[in-house]
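One structure is given here, and the rest of the page talks about it.
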2 protein chains.
Amino acid sequence: MKAEFINPFLTAAKNVLETMAQTQVTPQKPRLKEGNTSYGEVTGIIGMTSEEITGSMIVSFTEKCILKIVANMLMEDPKDKIDDEVVDAVGELTNMICGGAKAQLAKLDHKFALATPNMVVGKGVEISYYSKAPTIVIPFETAAGSFVVEANLSEKA
Amino acid sequence: MKAEFINPFLTAAKNVLETMAQTQVTPQKPRLKEGNTSYGEVTGIIGMTSEEITGSMIVSFTEKCILKIVANMLMEDPKDKIDDEVVDAVGELTNMICGGAKAQLAKLDHKFALATPNMVVGKGVEISYYSKAPTIVIPFETAAGSFVVEANLSEKA
């Protein structure tokens, strides 16, 4: 995956969380993913494809982090556990982050179409990519905990 | 989801399993999905999008069923558990089934682009769709056990 593809996801995640959930986020150094274990307790997956490139993006939140983010989005006190409303919010955030990245990637002359997110609930679930390309992990810290954005994009065969 | 969209997935799954894995499959009556629990022990997810329609397709195999299918694909004895090779095979089957459905959908004047599959390992994992549209489940029986193909497609907002 080209290095120039990382920044669109990083910027989009920061923008979406700050504007939609009034949550300050601090990006950490991107790294390559090792293993297939999901990072957090609730994970959004979205497929993305362009003329030349295809792949998917994942956003995975720790429970404490997403409960606070959703509380900010709804302007309510945090829920005590992940429920359908939280899972839906992860779908919405996944959509918006990938939509933001898509807009940035279009400026690099890559016009991606996005599929609809799926959300997986569970800690330590094994989620693999059907790809020989490495997966980039962008970790983020918030006051309420951490989340990651992962992207795996490769040239079409 | 339009009823005419069901048959492309049904036919593609039957064709792929019969040609790639010499596995006779018997489609059962399609139904609407209730709840968010994954059907089998290993599940492939692939995003698909056209000009007007977006969504995703899921293929979920029981362990016994996929171990026999992979054994047929590799012309080896069945493995005793789901390993990376089995998970990769689920990615390949997901890709091929959705590719077959894409070819049929194109004949209905819906030109879909496909993303790259992700695979989720685990029984009873909660996998949701970020969609208000109902999810169609097409169950299949094989001599070695069962699997399902799910599709959730909706008009773009």
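Below, read A as the first sequence line, B as the second, and so on, with proteins coming before strands; counting in each chain starts at 1. Quantities reported herein were computed from a predicted structural model and do not represent experimental measurements.
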Among [options], which has the most heavy-atom pairs under 4.5 Å with chain A?
options                    : result
B:S128, B:G91, B:S154      : B:S128
B:G55, B:A113, B:G47       : B:G55
B:T43, B:T54, B:N36, B:I53 : B:T54

query = Taking side chain as C-beta onward, heavy atoms only, is B:Y130 less than 4.5 Å from A:D88?
reply = yes
key: Atom CD of A:E51 with >12 non-hydrogen neighbours under 6.0 angstrom   = no
query = Going through the distances and angles, do B:S56 and A:T116 end up as a side chain to side chain donor-acceptor pair (under 3.5 Å)?
reply = CA-CA 6 Å; B:S56 56; A:T116 312; over 6 Å; no
key: Under 3.5 Å donor-acceptor, B:T49 side chain and A:A115 backbone   = no
Do [X] and [Y] belong together in a cluster built from hydrophobic side chains that touch within less than 4.5 Å?
X      : Y      : value
A:I82  : B:Y129 : no
B:F112 : B:V149 : yes
B:L17  : B:Y39  : no
A:I69  : A:V148 : no
A:V120 : B:V137 : no

key: Gap between atom CD1 of B:I58 and atom CG of A:N118 - 0.5 Å precision   = 4.5 Å
Which atoms of [X] are under 4.5 Å from chain B, going by heavy atoms: the side chain, the backbone, both sets, or neither?
X      : result
A:I127 : both
A:N152 : neither
A:L114 : backbone

key: Under 4.5 Å from any heavy atom of chain A - which part of B:V87   = side chain
inquiry  = What part of B:M119 gets within 4.5 angstrom of chain A, counting heavy atoms only: side chain, backbone, both, or neither?
reply    = both
